[in-house]
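Counting starts at 1 for both ligands and their atoms, in listed order.
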Amino acid sequence: MTTIPTFALNDGSSVPAIGFGTYPLRGREGTDATLSAIDAGYRLIDTAVNYRNEDAVGAAVRETDVPRDELVVATKLPGRDHGFEETITSCRGSLASLGLDHIDLYLIHWPNPSVGRFVESWKAMIQLQREGLVRSIGVSNFTEEFLTRLADETGVLPAVNQVELHPYFPQEELLAFHREHGIVTEAWSPLGKAQAPFAEEPVAAAAAAHDVSPAQVVLRWHHQRGVLPIPKSASPERQRTNIDVFGFELSDTEVQAITALGRTDGRLFDGDPNTHEEM
Ligand SMILES: NC(=O)C1=CN([C@@H]2O[C@H](COP(=O)(O)OP(=O)(O)OC[C@H]3O[C@@H](n4cnc5c(N)ncnc54)[C@H](OP(=O)(O)O)[C@@H]3O)[C@@H](O)[C@H]2O)C=CC1
Ligand SMILES: O=C(O)C(=O)[C@@H](O)[C@H](O)C(=O)CO
C-alpha cells in the first residue's frame with residue numbers, strides 16, 4: 001500500500017495528506033463505503049452533523065481492524081448549534097452519534113455571519129480541546145477576515161480551514177494567507193464534483209503524459225500546491241485510484257496550467273461564506 005505523506009498541524013499533531021469525503025453516503029452503504037476507503041488506505045474520514053452520517057462513519061471506525069489511533073475522524077458543527085453552550089452540547093451529540101470517545105478534528109462547518117456567534121463556538125472548541133474530547137480544532141468556509149477575528153479575539157488560529165477548492169476555483173489568495181499563518185488547507189469538492197474539469201486540455205494532457213487518470217492529475221495538483229483534498233467516491237475502484245497520487249509528479253508548468261483554469265465565477269454553487277447561511 002502507498003505511504004501517505006502527512007501535514008503537521010499548528011497544535012503539534014498531524015493529519016494524512018489526503019482524506020475521504022463522505023457526503024451524501026449514509027446507512028449501511030455509508031459504512032461499507034467508509035470501510036472500503038479505509039481498506040484502500042484512507043486514514044482521514046470527513047463527516048458532519050449535517051450529512052446525517054456520523055453514525056455510519058462511526059460504525060466503520062469501530063468495525064475496521066485498523067487501530068483507532070491510526071484514524072483521523074473529522075466532523076463539523078452545524079450553524080444551528082453556534083454559541084458556547086450549544087457547541088459543547090453539539091460536540092457531545094456528535095460523539096454519541098459517532099459512538100466514539102473523542103473527535104480527532106472538529107470544524108465549524110460554516111461561519112454563518114448573520115448569526116454572528118462563531119467566536120463563541122470557537123471559544124467552546126478551545127475548551128473541548130483542553131478537555132481532550134477533541135484533538136485538533138479548525139474551521140470550514142472561513143475567509144481571511146473571519147480567521148483574523150478568531151485570532152484577535154481568542155489568540156488561537158484554526159489548525160485547518162476546509163474550503164471550496166478545485167481547478168475552476170483555485171483560491172490563490174486564501175492559500176497564501178493560510179501558508180503565512182500555518183493553517184492547513186483542506187479542499188472540499190476537490191474534483192469539482194458535478195463540474196469536474198477532466199476534459200480541460202491541461203488536465204487531459206497531463207493525464208496522458210503521466211499515464212494516470214484526469215482525477216489523479218487533479219488530486220496530485222492539490223498535493224503539489226500544499227493542499228489536502230478529501231475526494232468522495234462510493235466506488236472502491238475510484239477510492240483506490242484517487243488515493244494513488246503519490247507516485248508521480250507534475251511539472252511546475254503543468255501545475256500552473258491547471259491553476260490557470262480558475263475563473264471568478266468558478267464556485268460550484270452560491271457558497272460564498274460571506275452570504276451563505278447553512279444551519
Ligand atoms: N465543508 C463544506 O462545506 C463541504 C464539505 N464537503 C466535503 O468534501 C467531500 C468531497 O466533496 P464532493 O462535493 O463530494 O465532491 P468531489 O469533488 O469529491 O466529487 C465527488 C463526485 O466525483 C465522483 N468521483 C469520485 N472520484 C472520481 C473519479 N476518480 N473519476 C470520476 N468521478 C469521480 C463521485 O462519484 P462516485 O461516488 O460515483 O465515484 C462524486 O460524484 C464531501 O464528500 C464532503 O465530505 C463537500 C462540500 C462542502
Ligand atoms: O456538503 C457540505 O459540507 C455543505 O456544506 C453543503 O453546503 C453542501 O455542499 C450542499 O448542500 C450544497 O448544496
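No side-chain donor from either of Gln129 and Tyr106 sits under 3.5 Å from a side-chain acceptor of the other. Side-chain polar atoms of Thr259 and Trp221 form a donor-acceptor pair below 3.5 angstrom.
At least one heavy atom of Trp110 sits under 4.0 Å from some atom of ligand 1.
If you number the atoms of ligand 1 from 1 as listed, the ones under 4.0 Å from a heavy atom of Gly192 come out as 17 (O). Here is the list of ligand 2 atoms found below 4.0 Å of a heavy atom in Trp110: 4 (C), 5 (O), 7 (O).
With His178 as the partner, the side chain to side chain contact (heavy atoms under 4.5 Å, CB included) test is satisfied by one option alone out of Val160, Leu157, Ile183: Ile183.
For a threshold of 3.5 Å applied to N or O pairs, the pair formed by Pro231 and ligand 1 contains no separation below that value. Of the N or O atoms in Tyr51, one or more lie within a sub-3.5 Å distance of an N or O in ligand 1. Taking only nitrogen or oxygen atoms, main chain and side chain alike, Phe198 does not reach within less than 3.5 Å of ligand 1. Residue Thr241 places no N or O, backbone or side chain, under 3.5 Å from any N or O of ligand 1. For the pair Thr22 and ligand 1, the shortest N or O to N or O distance falls below 3.5 Å.
Using a 4.0 Å cut-off between heavy atoms, Phe269 contacts ligand 2 through its side chain alone, with no backbone atom that close. When heavy-atom distances to ligand 1 are checked against a 4.0 Å cut-off, Asn141 comes that close only through its side chain, counted from C-beta outward. Heavy atoms of Ser140 found under 4.0 angstrom from ligand 1 belong exclusively to the side chain. When heavy-atom distances to ligand 2 are checked against a 4.0 Å cut-off, Lys76 has no atom that comes that close, whether in backbone or side chain. At a heavy-atom distance under 4.0 Å, only side-chain atoms of Arg238, from C-beta outward, approach ligand 1.
Checked by atom type and distance alone, the side chain of Glu164 pairs as donor or acceptor with a backbone atom of Leu268 at under 3.5 Å. In this structure, the side chain of Gln216 engages the main chain of Thr241 through a donor-acceptor pair within 3.5 Å.
Ranking the protein heavy atoms by distance from atom 7 (O) of ligand 2 puts Glu278 OE1, 2.6 Å first. Looking only at protein heavy atoms, the nearest one to atom 11 (O) of ligand 1 is Ser189 N, 3.0 Å. Closest to atom 34 (C) of ligand 1, if we only count protein heavy atoms, is Lys232 O, 3.5 Å. Here the heavy atom of the protein found nearest to atom 1 (O) of ligand 2 is Tyr51 CE2, 3.4 Å.
Between Phe7 and His223, the two ring planes are tilted [angle within 30° to 60°]. Phe142 and Phe146 have perpendicular rings, their planes meeting at more than 60° on a 0 to 90° scale where under 30° would count as parallel. Taking the six-membered ring where the residue is Trp, His210 and Phe248 present tilted rings, their angle falling between 30° and 60°.
Comparing Leu219, Leu25, Ile45, Asp46 by heavy-atom distance to atom 45 (O) of ligand 1, the nearest is Asp46.
For the side chain to side chain donor-acceptor pair (under 3.5 Å) condition, the pairs that include at least one residue of residues 89-99, sequence neighbours left out, are Glu54-Ser94, Asp81-Ser90.
Taking 4.0 Å as the cut-off between side-chain N and carboxylate O, Arg240 and Asp39 do not count as a salt-bridged pair.
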